[in-house]
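Beneath this line is the structure, given in C-alpha cells, with notes to follow.
Nothing fancy with the numbering, it's 1 onward along the sequence.
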Amino acid sequence: MSKTILITGGAGFIGSNFVPYFCAKYPEYNVINLDKLTYAGNLDNLKECDNMSNYRFVQGDICDENLIEQLFTENDIQGVIHFAAESHVDNSIKGPRAFINTNIVGTFNLLEAARKHWMEAPNKFKSGYENCRFHHISTDEVYGTLGNDGMFEETTPYAPNSPYSASKASSDFLVRAYHHTFGMNVTTSNCSNNYGPKQHHEKLIPHIISKALAEQALPVYGKGLNIRDWLYVLDHCKAIDLIYHNGKSGETYNVGGRNERNNITIVKTICALLDERRPRSNGQKYEDLISFVQDRAGHDFRYAIDATKLETELGWKAEETFDTGIVKTVEWYLK
C-alpha cells in the first residue's frame with residue numbers, strides 16, 4: 001500500500017528542486033506539496049510534476065492549524081519533510097514577525113498534528129505508524145558565526161544572530177523536544193548556503209546574475225569578505241532523501257559542500273562566466289559594475305559546515321564542486 005508524505009514549502013527554492021526528484025525516485029509514495037505561495041514560492045518551478053500521478057499541490061499556510069489537522073486526517077499522512085520557512089535574513093531585519101509565525105508556530109502546528117496522528121501516548125506509536133518520520137530542514141546560521149578557522153559540527157552550541165536564525169533555532173529545539181518528550185521519530189538537517197536553479201532573485205547568486213544582465217550596479221556588502229560554504233541544491237536534495245530514509249531518529253546531520261568562498265570571489269566568478277557566455281555590448285567587463293554597499297546589520301563573518309557525520313554514517317558525498325555547480329547555475333539562468 002502506498003503511503004502519503006507531506007512536503008511543506010515545496011514551491012520554494014530547495015523544495016522545488018527536491019519534489020520532482022523525490023516523486024520520480026519514489027513512485028510508490030503519494031506526495032502532497034503544501035505551500036503558501038508567498039513571493040518566494042513559484043509553481044512554474046514544479047512543471048516537471050504536472051504529469052506525475054503521485055503528486056498533488058495544496059495551497060495553504062502551515063500556520064493554519066485546522067488545515068494541517070485536516071490534511072493529516074483526510075490523507076493519512078505518514079511522513080513529513082518540512083522545508084516551509086521564511087528564510088531571507090534581510091527580510092527578518094525589516095519584518096521579524098513573519099519569521100516567528102512561520103518558522104516557530106508553523107513548525108509547532110506540524111509537529112503537533114503528526115504527534116496526534118501517529119502516537120497514542122509518549123513513546124507509544126499507534127499500530128502501523130511506527131515508521132512515520134518527521135524530517136526538519138534547518139540552516140547553519142543557528143550556530144552563529146565563525147572566525148578564520150574552525151567549522152560547525154552537530155555539537156556546536158547554538159548562537160543565532162539574526163531574527164531569521166533565532167526563529168530557525170527555536171524550530172530546531174521544538175523538533176528536538178518532540179523526540180525527547182514524546183519519542184517522536186524525527187531527524188533534522190542543518191545546511192550551508194544553497195545555490196542552483198530556481199533560486200529566488202533576492203539571494204546573492206541569482207541577484208548578481210540578474211543585475212549583471214540588466215547592466216546595473218552589482219551590490220556587494222562591506223568589502224565582500226564574508227565567507228560562506230556553498231552547497232549545490234541537488235546535492236542537498238540527495239542528502240535530505242538519505243537522512244529521511246536512513247538517518248537515526250533524534251539525530252541532526254550537517255550538510256555542507258566543503259566549498260568556502262567569500263562574496264567578492266563569488267561575484268567575480270559569475271562576472272567571468274557571463275563575460276564568456278553573454279558579453280556586454282559595450283565591450284566592458286561585468287566586473288566593472290561591482291559596487292560596494294554598506295554592510296548588513298549583524299552580518300555573520302563566516303559559516304563553514306563539517307559534514308563528516310553525514311559522509312561517514314550515511315555515505316553521502318557532494319557531487320558538485322563550486323566550480324562545476326556555478327557553471328550549471330549560470331547556464332540555467334541564461335536559459
Side-chain contact, heavy-atom cut-off 4.5 Å: Asn42 with Lys198? no

Using distance alone, with no hydrogens and no angle criterion, decide if Thr308 and Asp306 have a side-chain donor and acceptor under 3.5 Å apart. yes

Under a 3.5 Å distance rule, please check whether Arg302 uses its side chain to pair with a backbone N or O of Gly147 as donor and acceptor. yes

Rounded to the nearest 0.5 Å, what separation is found between the CD atom of Glu276 and the OH atom of Tyr286? 12.0 Å

Are Tyr29 and His245 an aromatic pair by the rule of ring centers under 6.0 Å? yes

Close side-chain approach of Pro122 and Thr181, heavy atoms under 4.5 Å: no

Pair Asn190-Asp172, side-chain donor/acceptor within less than 3.5 Å: yes

Quick test of your reading of the model: are Glu112 and Arg115 salt-bridged, counting only N-O distances below 4.0 Å? yes

Salt bridge flag under 4.0 Å for residues Glu320 and Lys328: yes

Salt-bridge test for Glu313 and Lys248: reply yes if a basic N is under 4.0 Å from a carboxylate O, no otherwise. no

Would Trp316 and Ile137 show up in the same hydrophobic cluster when neighbours are defined by side-chain heavy atoms closer than 4.5 Å? no

Phe99 and Asn91, any side-chain heavy atoms less than 4.5 Å apart: yes

Do you reckon Leu71 sits in the same ILVMFWY cluster as Phe83, going by side-chain contacts under 4.5 Å, direct or chained? no

His82 vs Phe134 aromatic rings, parallel, tilted or perpendicular, using cut-offs 30° and 60°? perpendicular

Quick one: do Leu6 and Phe72 satisfy side chain to side chain contact (heavy atoms under 4.5 Å, CB included)? Show the steps, please. CA-CA 9 Å; Leu6 177 66; Phe72 269 82; 4.0 Å; yes

Reported CD1-to-CD1 distance for the pair Ile81 and Ile7, which is rounded to 0.5 angstrom: 5.0 Å

Test item: side-chain donor near acceptor, Arg296 and Asn226, under 3.5 Å: no

Should we count CG of Asn148 as having more than 12 external heavy atoms under 6.0 Å? no

On a heavy-atom basis, the closest approach of Lys168 and Ala85 is NZ-CB, 3.8 Å

Would Ile305 and Val255 count as a side chain to side chain contact (heavy atoms under 4.5 Å, CB included) if you check the C-alpha gap in whole Å, the side-chain angles of each, and the deciding distance to 0.1 Å? CA-CA 7 Å; Ile305 281 260; Val255 192; 5.8 Å; no

Arg280/Leu289 under side chain to side chain contact (heavy atoms under 4.5 Å, CB included): CA gap, chis, key distance, verdict: CA-CA 11 Å; Arg280 293 177 67 187; Leu289 296 168; 3.7 Å; yes

Side chains of His136 and Thr107: do they bring a donor and an acceptor to under 3.5 Å? no

Backbone N/O of Asn259 and side chain of Asp229: donor-acceptor pair under 3.5 Å: yes

More than 12 heavy atoms from other groups under 6.0 Å of CZ on Arg261: yes

Exam field: side chain His179 to backbone Met184, donor-acceptor pair closer than 3.5 Å: yes

Give me the one residue out of Tyr333, Phe13, Phe322 that meets ring pair (Phe, Tyr, Trp, His ring centres under 6.0 Å) with Tyr195. Phe322

Less than 4.0 Å between a side-chain N and a carboxylate O, is that true for Arg228 and Asp300? no

Here the gap from Thr187 atom OG1 to Tyr244 atom OH, rounded to the nearest 0.5 Å, amounts to 8.5 Å

Using 30° and 60° as the class limits, which term best fits the ring planes of Tyr26 and Phe22: parallel, tilted or perpendicular? tilted

Less than 4.5 Å apart, any side-chain heavy atom of Asp76 and any of His117? yes

Give a yes or no on whether Arg277 atom CZ has more than 12 heavy-atom contacts from other residues, nucleotides or ligands under 6.0 Å away. yes

Has the side chain of Asn185 got a donor or acceptor atom that lies under 3.5 Å from a matching backbone atom of Ser249? no

Donor-acceptor pair, Glu130 side chain versus Gly128 backbone, under 3.5 Å? yes

Find the distance between OG1 (Thr269) and CD1 (Ile264) and round it off to the nearest 0.5 Å. 9.5 Å

Could you check whether Asn103 and Ser171, counting side-chain N and O atoms only, form a donor-acceptor pair closer than 3.5 Å? no

For Gln294, look at atom CD and say whether over 12 heavy atoms of other residues, nucleotides or ligands are found less than 6.0 Å away. no

Hydrophobic clusters here meaning ILVMFWY residues chained together by side-chain heavy-atom distances under 4.5 Å, can you tell me if Ile68 and Val186 are in one? yes

Does the gap between the ring centers of Phe125 and Tyr129 come in under 6.0 Å? no

Do Glu86 and Tyr164 come within less than 4.5 Å of each other through their side chains, counting heavy atoms only? no

Please say whether more than 12 non-hydrogen atoms of neighbouring residues, nucleotides or ligands are located less than 6.0 Å from NZ in Lys126. yes

With a 3.5 Å cut-off and no angle check, do the side chains of Tyr303 and Asn193 form a donor-acceptor pair? no

Taking atom types as modelled, is there a side-chain donor on Tyr221 or Asn263 under 3.5 Å from an acceptor on the other? no

Asp35 CG to Leu43 CG distance, which is reported to the nearest 0.5 Å: 7.5 Å

Under the criterion side chain to side chain contact (heavy atoms under 4.5 Å, CB included), I'd like the reasoning laid out for Phe173 against Tyr158: C-alpha separation, chi angles, the key distance, then a yes or no. CA-CA 10 Å; Phe173 287 149; Tyr158 275 34; 3.6 Å; yes

Which pair of non-hydrogen atoms, one from His200 and one from Ala40, has the smallest distance, and what is that distance? CD2-CA, 4.0 Å

With distance as the sole criterion, is a donor-acceptor pair present between the side chains of Ser192 and Asp140 under 3.5 Å? no

Any donor-acceptor pair under 3.5 Å linking the side-chain atoms of His299 with those of Asn161? no

In terms of hydrophobic clustering (I, L, V, M, F, W, Y; side-chain heavy atoms under 4.5 Å; direct or indirect links), are Leu213 and Leu218 co-clustered? yes

Take atom NE2 in His180; do more than 12 heavy atoms of anything else shown fall under 6.0 Å from it? yes

With Trp230 as partner, the option from Thr321, Ile326, Ile205 fulfilling side-chain contact (heavy atoms from CB on, under 4.5 Å) is Ile205

Could you give the distance from CG (Asp275) to CD (Gln284), rounded to the nearest 0.5 Å? 11.0 Å

Looking only at heavy atoms, what is the nearest atom pair of Thr329 and Gly196, with distance? OG1-CA, 3.4 Å

Is there a side-chain contact between Ile266 and Ile208 in this structure, where contact means two heavy atoms from C-beta onward sitting under 4.5 Å apart? no

Side-chain donor or acceptor of Asp61 paired with backbone N/O of Lys36 under 3.5 Å: no

Shared ILVMFWY cluster between Ile209 and Val327, side chains joined below 4.5 angstrom? yes

Is any side-chain heavy atom of Ser189 closer than 4.5 Å to a side-chain heavy atom of Leu310? no

Do Phe301 and Leu146 come close enough that some side-chain heavy atom pair is under 4.5 Å? no

Exceeds 12 heavy-atom contacts within 6.0 angstrom, atom CG of Asn131: no

